[in-house]
Amino acid sequence: LQPCTLCCRRYLVNRPVYSEDSFAEDYKKIDRKHRTTLDHVKAQFTYGSSFSICDTQRVKKTVCSLLPIIGWLRIYNIKKWLLGDIVSGISTGLVAVLQGLAYCLLASLPPRYGLFTAFFPVIIYFFLGTSRHISVGAFPVLSLMVGAAVTRLVPDDGPPVNITGFEGLTQDQQRVMVAASATFLMGIFQLAMGLLQVGFIVTYLSDTLISGYTTAAAVHILVSQLKFVFGLTVPGLSGPLSLIYTLEKVFVQIDKTNIASLVISIIVMVVVFIVKELNERFKAKLPVPIPIEVIMTIIICGISYAFQFDQKYQVEIVGDIPPGYEPPMAPNMEVFQQTVGDAFPMAIVGFAVAFSVAKVYAIKHEYHIDGNQELIALGLSNIFGASFKCFAASTALSRTAVQESTGGKTQIAGLLSAIIVMIVTLSIGFLLEPLPKAVLGAVVIVNLKGMLMQVRDVPYLWRKDPPDCMVWILTFVGCLLLGMDFGVAVGLGAELLSVVFRTQFPRCSVLASISGTDIYRDRKDYLNIFEPEGVKVFRIPSPIYFANIDFFRNKLNEYLGFNPLRVLRKRNKALQKIRKLLSKGELQIKGVSCSEDEGNLEDLDQPIDFKDLPIQINWNRELPANIIVPKVDVHSLILDFAAVSFIDISALKGLKTVILFVLKQTGMYILEKLHSCKFFDSEIKSSMFFLTLHDAMLSVLEKDPVDLEHQEREKKRNFTYSG
């Protein structure tokens, strides 16, 4: 080989034409042993035994991975970070109090339990979480999912489900038990996934699916808050079509609207919306965002107390908030059985949202987060919180934005926010008792703006990627009509179908070389191309498996202009007739005799065998005894398998019927698969595989004299090949 010449953005390589076999002869391949699943399991156990005994570094690494607080505490800069964390903690704590009360309504629980959810999970995440910026606590979508489970087991109208632990409890206590038990089970699922190292599961929830899901959740939340905005009594509903039934009940009672609640809601929504827009527009100039929700809550709460809104105008208020915390309780096993179908989607959604938000801020502030450790942290946070009667916790986008934008650098801000919530719970919670629930409903609705505005993604998705757009639409519609739990399944099913659709119907093409180069592109896209007569280059850009092998063969037949299997059968039939004529003496060739062999139907699908045939046959010329065989103008077929990542057994059988001449480069995995499945035989050899597409083309041009003549004529027209 001559060395490569590299200058002036041009290169010239002088090397032989390589098939896979000839390349293996010139360059010895390292025999690497691929690790099996059993090897990985053994390595994990070996790792565990070794670091527990003697390897100090591994012990430190393991402890730091399980307690990420050690990592960021060691680099904590008190002078630069402490003030920001204090300001952020106070601001986030005030927002957490309000959102805890508001999102508790979504869970169909007394408001005080929202304060519990804003405290207990934060403590555990402070020690175990890898994100330094997310604010752990109630999340509206999870609260809605908890509320669906709660109202299903303990409906507003009618008796609760027959569960032993419900005996002697009030309706609120029964609902708290359901919410806490479902959250405990959710935490178990998250912890188990973290310990099993399956944090990658979040990759199966695409951004499109999450966008459609959260948008539908926002609609559900909006509808669920209408009863507080209008001051109506509407029972909580769950299950398929619950959204439609809830809207029906709201509009049936619309004439009973409490005008005071409606006016309060409208005023709060307008003021909060305007100030939030100003916060966004002038965020570069404001030291901290204006906490307008907290300000409006304090103002309306004071007015409600002064003018006795609950007595004079029958406005529904938050009511009694007893100071202090309640003793821990054990989850109910019967509730586990009833809510397992709710808890698993809650675990997935809670982790997906928290991890997505954490990843955004980790990239922005240049630090690493661990998905598996996040699962462990969230799982233990929910298990610990559920023991103290909290409901499902993840992170709220708006609350996390407040924590980061007000200067929060670490989870010390989160810890301080929990302390603010604790102070409210222990000492001044009674001040929130006259707060109208209409205010909480209005605050929830205004904070849905970001999720609802995701609808604007649909036209963009339709223009750029229609299958992805259909995933969004099906997820959105499925969640709206079937509920949030079944909606996840619909979204995952749509996502799976879109992947299958893309691989089952790939964009195949016929390639040709760009004149004067070894570059091959779709022949429809370029004018100055070189395409030797009788040679076709066919490209399939996806894996080949049972679902698309028929599509692959049909496309190949379409581009070739004939069916290779049908031509093969007719040629084998013609050979049988010729042999029969020779054996009977009806076809005279001097000094030649041939035994009669009828053959069978299976032989027709075998490669053409000219052995013992005393004559040469040109299939494109007239055959003796009026034997007719379809004439084809393709003598060599090159299959471009560069983009084929795997082939299954069903596809291997199908390939036998279409591989006639030469194959282009394939990955080593494909070659190993073909060898292990005994794909090669006396007709289809590994030497028919080439390193590159151009190697395959040059091999064809070298072996076919007609094509060589064409090549010479093309060279005279300044069409040159480098190879």
Side-chain angles (χ1 to χ4, degrees), residues 99-121 137-187 220-221 224-225 227-228 233-239 242 245-246 249 316-322 325-343 345-346 350 382-383 385-393 425 429 437 440-441 444 483-485:
Q99 290 189 350
L101 296 173
Y103 296 155
C104 209
L105 301 182
L106 297 175
S108 300
L109 299 173
R112 66 181 302 221
Y113 294 99
L115 299 178
F116 295 180
T117 306
F119 175 72
F120 288 106
F139 176 56
V141 177
L142 282 182
S143 302
L144 187 70
M145 297 174 77
V146 172
V150 166
T151 53
R152 188 181 75 249
L153 299 185
V154 188
D156 289 325
D157 299 330
V161 174
N162 186 18
I163 293 177
T164 305
F166 284 174
E167 295 176 0
L169 300 180
T170 64
Q171 185 185 70
D172 284 345
Q173 291 172 333
Q174 292 172 349
R175 291 188 165 189
V176 170
M177 176 178 287
V178 172
S181 298
T183 300
F184 196 98
L185 185 57
M186 167 191 171
H220 274 281
I221 294 168
S224 71
Q225 297 304 293
K227 62 181 180 181
F228 300 114
T233 302
V234 178
L237 302 174
S238 62
S242 60
Y245 296 141
T246 302
K249 292 182 179 297
E316 189 177 3
I317 60 175
V318 169
D320 186 37
I321 302 181
Y325 293 100
E326 297 183 6
M329 71 172 215
N332 186 287
M333 295 297 112
E334 293 182 64
V335 176
F336 274 8
Q337 298 174 10
Q338 297 285 342
T339 59
V340 64
D342 302 279
M346 286 161 54
N382 280 303
I383 290 173
S387 301
F388 287 91
K389 303 182 181 179
C390 300
F391 57 92
T425 306
K437 289 186 177 180
L440 300 178
V444 170
M484 302 307 298
D485 44 1

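Side chains included, hydrogens not; waters and symmetry mates left out as well; all remaining heavy atoms used. FYI, the numbering just counts along the sequence from 1.
A salt bridge does not link Asp172 to Arg112: none of the charged nitrogens lies less than 4.0 Å from a carboxylate oxygen.
Checked against salt bridge (charged side-chain N to carboxylate O under 4.0 Å, His left out), Lys227 has no partners two or more places apart in sequence or in another chain. In terms of the side-chain contact (heavy atoms from CB on, under 4.5 Å) criterion, residue partners of Ala392 (sequence neighbours excluded) are, by chain and number, Leu142, Val146, Thr183, Met186, Met346. Residues passing the ring-ring contact (aromatic ring centres under 6.0 Å, His included) test with Phe388 are Phe120, Phe384, sequence neighbours excluded. Annotation: side-chain contact (heavy atoms from CB on, under 4.5 Å) contacts of Pro111 (sequence neighbours excluded): Leu101, Leu105, Val318. Taking Phe184 as the reference, nothing meets the ring-ring contact (aromatic ring centres under 6.0 Å, His included) condition, with sequence neighbours excluded. For Glu316, the salt bridge (charged side-chain N to carboxylate O under 4.0 Å, His left out) criterion is met by Lys437, not counting sequence neighbours. The side-chain contact (heavy atoms from CB on, under 4.5 Å) search around Ala148 returns Ser238, not counting sequence neighbours. Residues passing the ring-ring contact (aromatic ring centres under 6.0 Å, His included) test with Tyr113 are Phe116, sequence neighbours excluded. Taking Asp320 as the reference, nothing meets the salt bridge (charged side-chain N to carboxylate O under 4.0 Å, His left out) condition, with sequence neighbours excluded. In this structure, Thr233 has no side-chain contact (heavy atoms from CB on, under 4.5 Å) partners at least two apart in sequence or on a different chain.
Judged by distance alone, with hydrogens and angles left aside, the side-chain atoms of Ser181 form a donor-acceptor pair with the main-chain N or O of Asn332 at under 3.5 Å. Remark: the backbone N or O of Ile163 is not paired with any side-chain donor or acceptor of Glu334 at under 3.5 angstrom.
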Practice task
Could you give me the CA-CA distance, side-chain angles and deciding distance for Val141 and Met145, then say whether side-chain contact (heavy atoms from CB on, under 4.5 Å) is met?
Solution key: CA-CA 6 Å; Val141 177; Met145 297 174 77; 4.3 Å; yes

Exercise for the section: Please test Val444 against Tyr103 for side-chain contact (heavy atoms from CB on, under 4.5 Å), starting from the C-alpha separation and ending with a verdict. Expected result: CA-CA 7 Å; Val444 170; Tyr103 296 155; 4.0 Å; yes

Handout entry: side-chain contact (heavy atoms from CB on, under 4.5 Å) between Val161 and Val154, intermediate numbers included
Key = CA-CA 7 Å; Val161 174; Val154 188; over 6 Å; no

Practice task
Take Leu109 and Phe391, measure what side-chain contact (heavy atoms from CB on, under 4.5 Å) needs, and give me the verdict at the end.
Solution key: CA-CA 9 Å; Leu109 299 173; Phe391 57 92; 3.7 Å; yes

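Remark: Phe139 CZ to Thr117 OG1 distance equals 14.5 Å, nearest 0.5 Å. Here the OG-CD distance, from Ser108 to Gln171, works out to 9.5 Å after rounding to the nearest 0.5 Å. The structure places CG of Leu185 at 10.5 Å from CD of Gln337, a figure rounded to the nearest 0.5 Å. To the nearest 0.5 angstrom, Ser224 atom OG is 5.5 Å from Leu144 atom CG.
Pairs of residues two or more places apart, or lying in two chains, never qualify as salt bridge (Lys or Arg N to Asp or Glu O under 4.0 Å) while including a residue from residues 100-109. Listed by first and then second residue, the side-chain hydrogen bond (donor to acceptor under 3.5 Å, both in side chains) pairs involving residues 141-152 are Arg152-Asp342 (not counting sequence neighbours).
For the pair Ile321 and Gly429, the tightest heavy-atom approach, listed with the atom from each and the gap, is CD1-O, 3.7 Å. Nearest heavy atom pair, residue Pro140 against residue Ile221, reads CB-CD1, 3.4 Å. Here the closest non-hydrogen pair linking Cys104 and Gly114 is SG-N, 3.3 Å. Here the closest heavy-atom approach between residue Pro155 and residue Pro160 is recorded as CD-CA, 4.0 Å. Heavy-atom minimum distance, Met177 versus Met329: CA-CE, 3.6 Å. Asn382 approaches Gly187 most closely through the heavy-atom pair CB-CA, 3.9 Å.
Residue Tyr245 qualifies as open at atom OH: its count of foreign heavy atoms under 6.0 Å is 12 or below.
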